[in-house]
Structures are given as C-alpha cells and as structure tokens.
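The figures here come from the full heavy-atom set of this structure, side chains too, leaving out hydrogens, waters and symmetry mates. To find a chain, count down the sequence lines: A is the first, B the second, and so on, and within it residues start at 1.
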Number of protein chains: 2
Amino acid sequence: MTGPIDFYFDFISPYGYLASTQIEKIAAKHGRNVEWHPFLLGVTVMNVMGLKPIMETPLKSDYALIDRPRMAKLFGVPLVIPDLDGVNSLAASRAYYWIRQSDPVLAKEFAKRVFHRLWVDGKDITDVDAVIVEAAAVGIDGDALRDGLRDARTKALLRDAVDQAVDRRVFGAPFFIVDDEPIWGIDRLWMLEHWLAHASWDLA
Amino acid sequence: MTGPIDFYFDFISPYGYLASTQIEKIAAKHGRNVEWHPFLLGVTVMNVMGLKPIMETPLKSDYALIDRPRMAKLFGVPLVIPDLDGVNSLAASRAYYWIRQSDPVLAKEFAKRVFHRLWVDGKDITDVDAVIVEAAAVGIDGDALRDGLRDARTKALLRDAVDQAVDRRVFGAPFFIVDDEPIWGIDRLWMLEHWLAHASWDLA
C-alpha cells in the first residue's frame, strides 16, 4: 500500500512535538508521505469527549511530568517544558492551513518551527506576532500572513480541519491514520511501523 | 537491578488481560519477578480522576473497539469481547488477595484463570459462584473461599490494595512500576523492556 500517513497533532502537545521529530523518518523508510493536520485538542477533548486536559487530571498529570522527559530521551531529541500559562495554538494552526493552501511543503517547515519554538526554545506561540516570526523564518511574507489570519476563510479552514478530525474519530495527539487504521499515541510508533512493514496485525 | 515488576490491572480490562499473557515472559527474560496487583479501575478512574469509563467516552470508545482485536493479534493470543452487562471484578479481586495471603503463586494461577474465563471464554466473573469455580480449578477449597469473601478482613485487603495503587499514582490498566519507574499501557511493553535491558532512558 502506498497511501499517506495522516498525522494529527496540536502544537500545544509535547507528545505531538515528539512525534513530529520521528514521523517523517519512519514514513520515508517505508516509502510513504506524511500529511500534517494540526487540530485543537481543547475542542476534541473538552467539547466532544467531555474530558479534562491531562494536566488537570489527577494521577495522569503526575505521570505526564515524569513521562515527557524520559520519552524525549528515548527519541534522543531535546525537550523543555515551558513555564507558560495558557498556551494557545489557534493562530499557529490557522497560519499552518493558510500557508498550506499555496505550499504544503513550506507549511510543514513552518509547523516544525512552531514546535521547536515552544518545546525546544520554550517560547510562547500564542500571539500572532510570534507566529509571524516563525513564518518569516521560512520565507513567508509577514504582512500577507497577518491579513490572512484576519480572513474569515482562514478561520474556516481550521474549523473544517477540526471537524474532519472529529469525523475521523481522532482524539488525543499524536494520532495517526494509515490505510484506515487509527493509531493513537507517541507510545505506538512501533505499531505504526509494524503496519507499514506488514500491512497486517498478524505476528511478523 | 533486581527488584520486582509491580503489575497493576483490573480483571475487567481487556488490556490488563493482554498484558497478563506477556508480562511473565518479559520479566523472566530479564531475571525479574512480577507481583500481580488487581485493583478497581472504577474507583481510580471515576472517583479519583473524575473521568468516565473508556466505553462511555466518545471517540475513545470507537477506537477501543477497533484496537482490542488487533492488539490481541499482535500478541498472538485469543481475545473475545464478551457480550455482558456490568461485569464487576470485586469478588474476583477479593478472592485474589484472600488466596495470596497463604499462597502468592496460586493466587497468580487463579488470576490467570479469571482473565481466561472473561476474555477467552467470554463468561462472566461477577458472581461469587463463578469466582469459586475458577478458584476450585486451581485447587482452592470453595467453602473456605466463600467464608473468606464474607470476612471483613478480606474486603479490607482489597480496599488497602486499591488505596496503595492510588498512593503510587497508578491509573489505568495495565500499569507497571519497576525501579520506581511508572509505565502505563499495553502499548508500552517496549518501554518496559527498554528499561529492563538498560536501566536507563538513554538511547540504547
């Protein structure tokens, strides 16, 4: 099979960031492309699923604090946990879809920079100005993007993307769909690799 | 390091069952023992964490239906999803701790039978009679167990076990703790194996 891997994430998810450092390597090894789909965990987890964010969930929040740094070690990539309140990925996600309309490859480069800004540099990504800085770094015109972010059509692009993610039963981040198989979690890259290698769940 | 692997599960969790088919093999490979700790997911998830059961959580419940059979395939073990309402592991868990007082090895054999009854034979484990059938099959005296289950001290054994699990920040099933490292989920056996092999999260 040769279809793409759909990669769903929210920029505010550290596990989404960790997945972003691995997924292209994994896909390339198996001759697949990756389509990146930022969505809003807040909408999915709180509104659709009726759950609390992980960091407000007893026990699980303790686990997350222990788990993030060791998971980064396992992948051999840097990770800082930024000391920021209320980080919001709305502008960054809208910017992603606005860029993607004209250049999907550039949109991915932009997404990598946003992840890097938040999870490696520990800097906020909430403000439009921050988003524009990262877009400019990959060659996007800042004024055009600023106008684009004000455009109702750009807001609709993200809204549609979030709706499509829910329609495809995506929850949590990272979430992968390949050949109609949904695979949730940074801890399941081995499953994704198994599928890419065998196109089956039978024992290898 | 040589300490045991603490294995936390609820008999009503299919992922707990799947883990039970793998954990002794994994531990033996690395010269570790496994201590089995049934606990009550309902208490942890609903009372302590304030969450809904997976099968009542939108999106996640759809995923679970797809995920269970493929996970069983990946481990090469049988799994049926029983068509039962309101399965409850209270009696089985109490019986486990009652047996364990005098014979930890037998308690594990009993636990395996309970898992098998529910997730391979698809039969209920809720009633005391069902629990006694499985206990008898490993040589436990049924009348003694029936008396034991009525004893307030037996109820206290389970209550203490659940409290201890919460104290150790255990949530979800399966959950492993080894050398103070908490590892949650059937999808993380690879992480458990990594730790057992390297006693470190650094890249191998």
Side-chain angles (χ1 to χ4, degrees), chain A residues 8 41 43-54 56-77 79 165-172 175-177 180-195 198 200-204, chain B residues 8 41 43-54 56-77 79 165-172 175-177 180-195 198 200-204:
Chain A
Y8 294 88
L41 270 178
V43 173
T44 311
V45 170
M46 288 189 273
N47 303 0
V48 180
M49 303 172 81
L51 302 180
K52 297 171 283 196
I54 288 177
E56 294 171 22
T57 304
L59 307 185
K60 210 177 250 188
S61 53
D62 299 318
Y63 182 76
L65 290 177
I66 294 169
D67 192 52
R68 292 158 167 184
R70 69 185 181 183
M71 201 56 101
K73 272 193 169 187
L74 276 168
F75 292 124
V77 296
L79 172 73
V166 172
D167 283 348
R168 296 195 76 188
R169 327 309 279 162
V170 168
F171 64 93
F175 201 105
F176 309 98
I177 302 180
D180 288 329
E181 290 288 337
I183 296 174
W184 167 46
I186 188 66
D187 32 24
R188 289 191 173 220
L189 293 180
W190 63 276
M191 250 182 106
L192 178 62
E193 294 223 49
H194 181 101
W195 180 267
H198 305 288
S200 151
W201 297 118
D202 291 324
L203 285 171
Chain B
Y8 294 88
L41 270 178
V43 173
T44 311
V45 171
M46 289 188 274
N47 302 1
V48 180
M49 302 172 82
L51 301 181
K52 299 172 280 194
I54 288 178
E56 295 171 21
T57 304
L59 308 185
K60 210 177 250 190
S61 52
D62 299 318
Y63 182 77
L65 291 176
I66 294 170
D67 191 52
R68 291 157 169 187
R70 70 185 181 182
M71 200 56 100
K73 274 194 168 185
L74 277 168
F75 291 124
V77 297
L79 172 72
V166 171
D167 283 348
R168 297 196 76 189
R169 327 309 281 162
V170 168
F171 64 93
F175 201 104
F176 309 98
I177 301 180
D180 288 328
E181 290 288 336
I183 296 175
W184 167 46
I186 188 65
D187 32 25
R188 290 191 173 218
L189 293 181
W190 63 274
M191 248 180 106
L192 178 62
E193 294 224 49
H194 181 101
W195 180 266
H198 306 287
S200 152
W201 297 117
D202 291 323
L203 286 171

Ile54(A) atom CD1, neighbour heavy-atom count above 12 within 6.0 Å: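 Counting other residues, nucleotides and ligands, CD1 of Ile54(A) stays at 12 neighbours or fewer.
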Residues, nucleotides or ligands: over 12 heavy atoms within 6.0 Å of Asp167(B) CG: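 Yes - once you tally the heavy atoms of other residues, nucleotides and ligands closer than 6.0 Å, there are more than 12.
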Distance (rounded to the nearest 0.5 Å) between Lys73(B) NZ and Trp201(A) CH2: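 Reported to 0.5 Å precision, the distance equals 10.5 Å.
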Distance in Å, Leu189(B) CG paired with Asp187(A) CG, rounded so as to fall on 0.5 Å steps: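 Leu189(B) atom CG to Asp187(A) atom CG measures 10.5 Å (nearest 0.5 Å).
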Test ring-ring contact (aromatic ring centres under 6.0 Å, His included) applied to Phe176(A) - qualifying residues, sequence neighbours left out: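 Testing Phe176(A) for ring-ring contact (aromatic ring centres under 6.0 Å, His included), a comparison that skips the adjacent residues, returns Phe7(A).
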Met49(B)/Leu51(A) under side chain to side chain contact (heavy atoms under 4.5 Å, CB included): CA gap, chis, key distance, verdict: CA-CA 10 Å; Met49(B) 302 172 82; Leu51(A) 302 180; over 6 Å; no
Side chain to side chain contact (heavy atoms under 4.5 Å, CB included) partners for Arg169(A), two or more places apart: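 Counting only residues at least two positions away or on another chain, Arg169(A) forms a side chain to side chain contact (heavy atoms under 4.5 Å, CB included) with Leu59(B), Asp62(B).
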Most chain B-contacting option - heavy-atom pairs closer than 4.5 Å, from Val166(A), Ile66(A), Ile183(A):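 Of Val166(A), Ile66(A), Ile183(A), Ile183(A) has the most heavy-atom pairs under 4.5 Å with chain B.
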Under 4.5 Å from a heavy atom of chain A, the part of [X] involved:
{"X": "Met191(B)", "result": "side chain"}
{"X": "Glu56(B)", "result": "neither"}
{"X": "Leu74(B)", "result": "both"}

Geometric class of the Tyr63(B)/Trp184(A) ring pair [parallel <30°, tilted 30-60°, perpendicular >60°]: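 Trp184(A) and Tyr63(B): perpendicular rings.
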